[in-house]
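This report refers to the structure that appears directly beneath it.
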Amino acid sequence: MGAMRTAFGLAVSMLTASAAFAQGPAAPAKAPAIPPQPVVAAATAAPANGAHPLTAEDVETFLDGFVPIAMSRGGIIGTVVVVVKDGKVLVKKGYGLSDLKTRKPVDPDATLFRPGSVSKLFTWTAVMQQVEAGKIDLDADVNTYLDFKIPPRNGKPITMRDVMTHTPGFEEAIRGLITANPALGNNEANLKRWTPKRVFDAGTTPAYSNYATGLAGYIVERVSGLKFDDYIDQKILGPLQMHNSSFRQPLPDRLKPMMSTGYLDATKPPVPYEIVSLPPAGSLAATGTDMGNFMIAHLQNGKFGDGQIMKPETAIQMHETARSVMAPLNNMRLGFYQQDINGQRVITHGGDTMAFHSLLTLFLDQNVGLFQSVNTTGVPNGNFRQALFEAFADRYFPAPNTDTPYDPKLAAAQAKQIAGTYVTARGAFSNWAAVGSLLGQPKITANADGTVSLNMMKDGAGFPKRYAAIGPFLWREVGGHDRLGAKLVDGKVRFVSTDALSAIIVLEPVRPGINAGWLTPAAGAAVAALLGTVLLWPVAAIVRRRFGKPHGFTGQRLKSYRAVRISAILLLAVAGLWTFLMTTLFGPGGMEKMMAMDWLLITTQVLTNIAFVGGLGVALWHLWAVFKGPSGWFGKLWSVVLVLAFAVLLWFAWNGKLLAIGTNF
């Protein structure tokens with residue numbers, strides 16, 4: 001569910017509204033075993049204004065030339081693309097395979113893909129239906145509709161408007177988010193098991209939340225009197241003739257043979273059918289054709305065929321009501337996020353599971369929709385969703401660049417002002433998963449050529465994008481569409497984001513005390529100091545024995561000498577346990593394995609308190625013993641080094657919440 005691409009952030013981003021996907025051409029990679037697709041040159045001459053005619057013939061020509069190449073470069077096994085226009089499906093195409101073993105091709109009418117967080121649009125549609133029915137007030141405390149309580153923060157409750165605009169203020173929650181166990185897909189049970197801590201006041205800070213979406217689905221269930229799956233079937237899928245789609249987990253037997261297999265890449269085993277623990281946030285499986293029906297309904301303000309799933313004014317409210325924290329960057333609508341391009345009003349939503357990656361885009365003024373989904377994660381920076389979206393927009397709705405030159409001196413000063421290290425608002429803050437914020441802090445760099453770069457936003461080759469100044473604290477991607485902007489409060493940078501992120505995630509300047517610029521190398525040096533101390537302990541003993549020169553330590557000096565080295569061994573062993581746990585979490589079947597190892601997690605947390613807190617105490621005792629008795633300059637110096645090493649690592653563990661005891665994350 002978005003946007004981080006660090007090792008820890010990868011798991012956090014499952015089912016994200018994936019606006020932060022790779023943009024531009026994909027990086028070259030070995031092509032997977034898929035049938036060759038023809039590369040067809042554009043046959044239709046462009047009109048004088050540069051726009052190609054948006055016809056079925058031209059779109060099919062464009063897709064046949066673009067998609068197979070992008071799939072090959074990105075290591076994608078199967079893809080579906082659907083384009084709708086003026087209430088009809090204009091083009092629907094399947095490329096590649098839905099299953100490598102059987103060599104079954106992708107069929108837009110008969111192959112199901114997992115749209116991930118695009119599923120949220122169905123949940124938000126259900127919410128707006130209940131708003132229309134007078135059963136949900138967008139600005140009422142959500143506790144009005146619940147049988148359990150969401151605690152306030154600073155006296156402020158959460159409203160459905162906060163939920164729909166991803167500003168409820170929850171920290172991230174990833175435990176069991178995607179598993180292979182159908183028993184773990186109970187939305188109500190998972191919502192009540194643990195409420196993530198509220199870390200921001202409601203309505204103030206975009207921080208994408210799957211938990212909040214699960215909450216919205218549960219509220220729909222309670223106010224409508226229908227189970228969520230039944231509601232979606234009866235009120236949305238049925239009226240839209242989406243007969244080959246379902247939120248149910250596992251899939252109904254009729255649909256199972258139609259489900260595409262998911263892959264991390266063509267060289268790895270298939271991913272099992274992914275169970276989403278908060279189904280309203282991402283459990284949909286659907287064909288491309290069915291997704292076309294959903295786009296048509298929204299483009300026609302709720303109308304599909306002879307039916308109407310919501311009143312036009314309700315649909316318009318959903319599409320156009322904005323909550324903007326990062327103006328003039330893209331803002332969040334009621335469930336959709338803005339992704340304007342080339343002067344076109346565009347609303348969109350992306351989605352990711354472990355294997356499937358999707359994007360639904362509506363060009364509101366053109367009555368055009370584009371849906372795309374792939375069944376493979378593929379190579380890094382090889383996801384072509386944004387590239388296809390931008391290429392489509394540039395081909396059919398081109399517009400001249402209207403950016404005006406910006407004062408170079410002001411640009412340089414403002415680039416210097418925003419340069420630095422940041423932390424993403426979407427993250428864990430109260431449990432051990434907070435260590436991800438220490439290990440993966442985004443960084444903005446002021447480049448020598450006057451541009452700025454944000455290292456978490458990569459081009460197709462994997463390099464940080466460069467942004468050139470186009471206005472006060474506003475930059476445009478060089479050769480691209482994305483913008484980067486900063487929001488200042490009292491002359492200081494409060495938030496930074498980009499068009500691709502701003503609706504759902506902002507970045508905050510990191511506190512100096514946890515800035516990875518110094519903390520990461522300091523922690524590395526501390527580990528090296530402890531490791532050196534441990535490794536040299538037996539070496540020194542062997543040398544002393546060989547040359548018959550005992551160190552002469554006695555009493556407190558001898559005891560502290562041994563104790564500090566034993567403490568170093570314990571701390572390094574605990575660090576190894578944390579490495580094992582994190583490696584397990586991000587390995588095959590990691591979430592299930594982690595949930596089966598709660599005992600080890602608790603044990604590691606207890607040992608962390610003993611090793612890190614106790615270790616610093618022992619190091620201070622050793623320092624006292626060294627300086628109290630006779631000792632050479634190196635012994636005194638190294639006793640200080642050991643105190644600093646234990647102190648730095650304790651500071652890291654404290655801020656990474658590794659000392660917190662609990663299994664929720």
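These numbers come from a predicted model, not from an experiment. Both backbone and side-chain heavy atoms feed into the values below; hydrogens, waters and symmetry mates do not.
- With 3.5 Å as the limit, one finds a donor-acceptor pair spanning the side chains of Thr289 and Asp109.
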Glu274 and Phe356: CA distance, side-chain angles, deciding distance, side-chain contact (heavy atoms from CB on, under 4.5 Å) verdict:
CA-CA 10 Å; Glu274 298 167 272; Phe356 292 86; 3.8 Å; yes
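- Stacking of Arg395 on the aromatic ring of Phe66 is not recorded, the 6.0 Å distance cut-off and the 45° axial limit not both being met.
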For Val91 and Val81, run side-chain contact (heavy atoms from CB on, under 4.5 Å): C-alpha distance rounded to whole Å, both residues' side-chain angles, the deciding distance at 0.1 Å, then the answer.
CA-CA 8 Å; Val91 172; Val81 183; over 6 Å; no
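- Put simply, the residue from Asp86, Val368, Leu362 that forms a side chain to side chain contact (heavy atoms under 4.5 Å, CB included) with Leu299 is Leu362.
- Of the possible donor and acceptor atoms, none in the side chain of Ser72 sits under 3.5 Å from a partner among the backbone N and O of Pro68.
- Between Asp459 and Lys465 no salt bridge is recorded (no basic side-chain N to carboxylate O distance below 4.0 Å).
- Contact check for Met259 versus Tyr273: side-chain heavy atoms found under the 4.5 Å cut-off.
- Side-chain contact annotation: Tyr231 with Gln129, donor-acceptor N/O pair under 3.5 Å present.
- With contacts defined as side-chain heavy-atom distances shorter than 4.5 Å, the pair Asp230/Arg248 qualifies.
- Considering Val106, Thr261, Ile77 as possible partners of Leu97, the one that fulfils the side chain to side chain contact (heavy atoms under 4.5 Å, CB included) test is Ile77.
- Within the model, atoms CE of Met318 and CG of Asn301 stand 11.5 Å from one another, a figure rounded to the nearest 0.5 Å.
- Judged purely by distance below 3.5 Å, without hydrogens or angles, the side chains of Ser260 and Ser98 never pair a donor atom with an acceptor atom.
- A pairwise comparison of heavy atoms in Ser246 and Leu251 identifies CB-CD2, 4.1 Å as the closest pair.
- Here Lys93 pairs with Asp64 in a salt bridge; the nearest charged N to carboxylate O distance falls below 4.0 Å.
- Judged by distance alone, with hydrogens and angles left aside, the side-chain atoms of Thr111 form no donor-acceptor pair with the main-chain N or O of Pro108 at under 3.5 Å.
- The two residues Leu240 and Ile309 come nearest to each other via the heavy atoms CD2-CG2, 3.8 Å.
- Between atom OH of residue Tyr211 and atom CG of residue Leu177 there is a gap of 13.5 Å, rounded to the nearest 0.5 Å.
- His166 has its ring centre no less than 6.0 Å from the ring centre of Tyr337.
- Between Phe304 and Ala297, the shortest heavy-atom distance links the atoms CB-CB, 4.2 Å.
- Looking at heavy atoms from C-beta onward, His481 lies out of side-chain contact with Asp499 at the 4.5 angstrom threshold.
- The backbone N or O of Thr55 sits nowhere less than 3.5 Å from a side-chain atom of Tyr396 that would complete a donor-acceptor pair.
- Of all heavy-atom pairs spanning Gln338 and Leu329, the tightest one is OE1-O, 4.3 Å.
- Counted within 6.0 Å of NZ on Lys227, heavy atoms from surrounding residues, nucleotides or ligands total 12 or fewer; the atom is thus considered open.
- Applying the salt bridge (charged side-chain N to carboxylate O under 4.0 Å, His left out) test to pairs two or more places apart or on separate chains, those with a residue in residues 361-380 are Arg345-Asp365.
- A donor-acceptor pair under 3.5 Å links the side-chain atoms of Asn190 to the main chain of Asn186, judged by distance alone.
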Leu360/His298 under side-chain contact (heavy atoms from CB on, under 4.5 Å): CA gap, chis, key distance, verdict
CA-CA 11 Å; Leu360 183 149; His298 269 280; over 6 Å; no
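- Atom CD of Gln300 sits about 9.0 Å away from atom CD of Gln308, to the nearest 0.5 Å.
- Taking the centre of each ring, Phe62 and His52 stay at or above the 6.0 Å mark.
- In this structure a side-chain-to-backbone donor-acceptor pair under 3.5 Å is present from Arg385 to Ser358.
- At least one side-chain heavy atom of Lys120 sits under 4.5 Å from a side-chain heavy atom of His349.
- With hydrogens and angles left out, the side-chain atoms of Ser502 and Ser497 include no donor and acceptor closer than 3.5 Å.
- Between the side chains of Asn342 and Asp394, at least one donor-acceptor pair of N or O atoms lies under 3.5 Å.
- No side-chain donor-acceptor contact under 3.5 Å links Thr165 to the backbone of Met332.
- The closest donor-acceptor contact from the side chain of Tyr263 to the backbone of Leu100 lies under 3.5 Å.
- Aromatic ring centres of Phe122 and Phe294 lie closer together than 6.0 Å.
- The shortest distance between side-chain heavy atoms of Tyr467 and Ser453 does not fall below 4.5 Å.
- Here Asn367 contributes atom CG and Met295 contributes atom CE; the two are 11.0 Å apart, rounded to the nearest 0.5 Å.
- Remark: side-chain polar atoms of Ser245 are not paired, donor with acceptor, to backbone N or O of Asp290 under 3.5 angstrom.
- Residue Phe247 holds its CZ atom at 9.5 Å from CG of Asp233, rounded to the nearest 0.5 Å.
- In this structure Arg476 satisfies the side-chain hydrogen bond (donor to acceptor under 3.5 Å, both in side chains) test together with Asp403, sequence neighbours excluded.
- A 4.5 Å side-chain heavy-atom check between Leu191 and Leu278 finds at least one atom pair inside the cut-off.
- Residues Leu63 and Leu388 have side chains in contact (heavy-atom distance under 4.5 Å, counting atoms from C-beta outward).
- Other residues, nucleotides and ligands contribute at most 12 non-hydrogen atoms within 6.0 Å of the NZ atom of Lys443.
- For Asn375 and Arg114, the side-chain atoms include no donor-acceptor pair closer than 3.5 Å.
- Inspection of the Ser373 and His357 side chains reveals no N or O donor paired with an N or O acceptor under 3.5 Å.
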Going through the distances and angles, do Phe113 and Val374 end up as a side-chain contact (heavy atoms from CB on, under 4.5 Å)?
CA-CA 8 Å; Phe113 282 71; Val374 301; 5.5 Å; no
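- Of the possible polar contacts, none joining the Glu172 side chain to the Ala428 backbone as a donor-acceptor pair under 3.5 Å is found.
- Ile76 CD1 to Arg73 CZ: the interatomic distance, rounded to the nearest 0.5 Å, is 13.5 Å.
- Side-chain contact check for Gln241 and Asn293: no donor-acceptor pair (N or O, by modelled atom type) lies under 3.5 Å.
- Checked by atom type, the side-chain pair Asn181/Thr179 shows no donor-acceptor distance below 3.5 Å.
- With hydrogens and angles ignored, the 3.5 Å screen pairs no side-chain donor or acceptor of Lys256 with any backbone N or O of Met258.
- For the pair Gly292 and Val82, the tightest heavy-atom approach, listed with the atom from each and the gap, is CA-CG1, 4.1 Å.
- Of all the heavy atoms in Ala216 and Trp124, the pair that sits closest is CB-CZ3, 3.6 Å.
- Contact of the Gln249 side chain with the Pro279 side chain is registered, since non-hydrogen atoms from C-beta on lie closer than 4.5 Å.
- Screening Asn330, Asp340, Thr361 for a side-chain hydrogen bond (donor to acceptor under 3.5 Å, both in side chains) involving Thr348 leaves a single residue, Thr361.
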